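If you scroll down you'll find the structure; I have some questions about it.
When reading the values below, keep in mind they use all heavy atoms of this one structure, side chains included, and skip hydrogens, waters and symmetry mates. Since we're looking at a predicted model, the values are computed, not measured. Counting begins at 1 with the first residue of the sequence. Order of appearance sets the numbers: ligands from 1, and atoms from 1 within every ligand.
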Amino acid sequence: MKVDILTIFPDFFRGPLDYGIVRRARETGLVEINIHDLRAFTKDKHRTVDDRPFGGGEGMVLKPEPIFECLESFGDVASREARLSAGAKQSVILLSAQGCRLDQTLAADLSALERMVLICGRYEGVDERISEHLADREVSIGDYVLSGGELGAAVIVDTVTRLIPGAVGNQNSTRQESFTEHAELTGDGPSSTCVSGGLLDYPHYTRPADFRGMAVPEVLVNGNHDQIRSWRRKTALAKTLRNRPDLLERVALTAEDKELLAQIKGKS
Ligand code: SAM
């Protein structure tokens, strides 16, 4: 996948995209990330990227020209019409608190793209003509206001990259994570039967088995895969009920899930 990030603070990305899975994906060529300085697309000596809002009011707004010209300079980004057609493999995304909220389903959709362009706003936001005529969609990373789109862009790149086949060594590990609704796992063992199915992930423990008197649940060290699978499902259900009960309304619960939930509720 080719990713282009448009920003007035290109140095912001020194670091967040240089570690772990994203770094490996860049090194192996799975993902190519290019950062574009919008000031390079200004024409005045002050390299002005913002201006006061028409109609008055607080703050400054990012001007449309540098953003349009930066995107146009790529040459190989399809027309907006083509990008909006079914099955298009390119998308131009404006980071915005007013956008559709990023979730694992949207991240999975984006991971199938060949080209993703991320436009980072700043100040009071971006001239609305970017959303009206240039971007294909607006995406928010959550219901809060950030100072700029750069953190949001880094979040999107991270969550999308790990869903690209080959980015994570063991692909099963991304398929059984929190929020993942549909996934087919391969291989044997207890974890392969524990796809989250839209729930939160089950708890994980590692050595030592006893840390300062805090012991790992006995079931995890007894080697009984059926019991481990059932325990993981039950603890995932319990955690989801406690922290994100809204998710339980959306997932398709099996008869076993309903029985486990009844046991959990009976205890509380
Ligand atoms: N006036 C805008 C509003 O009330 O919605 C907020 C502008 S914000 C201070 C500046 C920029 O940060 C936005 O243009 C956008 O690119 C980015 N931003 C802020 N919150 C965001 C969020 N939740 N998700 C993604 N980007 C966000």
When you check the gap from the basic side-chain N to the acidic O, do R129 and E65 get nearer than 4.0 Å?
no
Nearest to atom 26 (N) of ligand 1, what protein heavy atom do you find, and at what distance?
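Of the protein heavy atoms, S96 N, 3.5 Å lies nearest.
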Other residues, nucleotides, ligands: >12 heavy atoms within 6.0 Å of E58 CD:
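Not more than 12 within 6.0 Å, no.
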Taking distance alone, with N or O pairs closer than 3.5 Å, would you say G121 contacts ligand 1?
yes
So for G152, does at least one of its heavy atoms come nearer than 4.0 angstrom to any atom of ligand 1?
no
Taking the side chain as every heavy atom from C-beta outward, state whether Y202 and R233 have any atom pair closer than 4.5 Å.
no
Give me the nearest non-hydrogen protein atom to atom 10 (C) of ligand 1 as residue plus atom name, then the distance to 0.1 Å.
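Checked against all protein heavy atoms, atom 10 (C) of ligand 1 sits closest to Y123 O, 3.3 Å.
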Residue-ligand contact V139/ligand 1, heavy atom below 4.0 Å:
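Contact check V139 vs ligand 1: positive.
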Nearest non-hydrogen atom to atom 3 (C) of ligand 1 belongs to which of Q98, E124, E138, E58?
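Looking at heavy atoms only, the winner is Q98.
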Residue, atom name and distance, where the atom is the protein heavy atom closest to atom 6 (C) of ligand 1:
V145 CG1, 3.8 Å
Do the non-hydrogen side-chain atoms of I119 and I93 ever get within less than 4.5 Å of each other?
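No, side chains not in contact.
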Numbering as shown, the atoms of ligand 1 that approach G149 to under 4.0 Å (heavy-atom distance):
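Reading through ligand 1 atom by atom, the close ones are 12 (O), 16 (O), 17 (C).
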Quick one: look at A97 and ligand 1, take heavy-atom pairs under 4.0 Å, and tell me if it's side chain, backbone, both or neither.
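For A97, the contact with ligand 1 is made by both the backbone and the side chain.
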The reported gap from CG in L106 to CG in D103 (rounded to nearest 0.5 angstrom) is 6.0 Å
How about L261 and Q263: do any of their side-chain heavy atoms sit closer than 4.5 Å?
no
Should we count CD of E132 as having more than 12 external heavy atoms under 6.0 Å?
yes
Tell me the nearest of A153, G148, S140 to atom 18 (N) of ligand 1, using heavy-atom distances.
G148
What I want to know is whether C120 and ligand 1 share at least one N or O pair that is separated by under 3.5 angstrom.
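It does not: no N or O of C120 is found under 3.5 Å from an N or O of ligand 1.
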Can you report which non-hydrogen protein atom sits closest to atom 20 (N) of ligand 1, along with the distance?
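Here the nearest protein heavy atom works out to L146 N, 2.9 Å.
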What is the closest protein heavy atom to atom 23 (N) of ligand 1, and at what distance does it sit?
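Looking at atom 23 (N) of ligand 1, the protein heavy atom closest to it is Y144 O, 2.8 Å.
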Does E27, at its CD atom, have more than 12 non-hydrogen atoms belonging to other residues, nucleotides or ligands within less than 6.0 Å?
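For E27, atom CD is crowded (more than 12 foreign heavy atoms under 6.0 Å).
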CD1/I164 to CD1/I21 distance, rounded to the nearest 0.5 angstrom?
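Between I164 CD1 and I21 CD1, I get 11.0 Å after rounding to 0.5 Å.
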Pairs of nitrogen or oxygen atoms closer than 3.5 Å, one from G125 and one from ligand 1: do any exist?
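Between G125 and ligand 1 (N or O atoms, distance only) the closest approach is not under 3.5 Å.
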Please report which non-hydrogen protein atom sits nearest to atom 24 (N) of ligand 1, along with the residue it belongs to and the distance in Å to one decimal place.
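Going atom by atom, the protein heavy atom closest to atom 24 (N) of ligand 1 ends up being I141 N, 3.0 Å.
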How far is atom 15 (C) of ligand 1 from its nearest protein heavy atom, and which residue and atom is that?
L95 O, 3.2 Å
Side-chain contact, heavy-atom cut-off 4.5 Å: I141 with L146?
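When only atoms from C-beta onward are counted, L146 and I141 do touch, with a gap below 4.5 Å.
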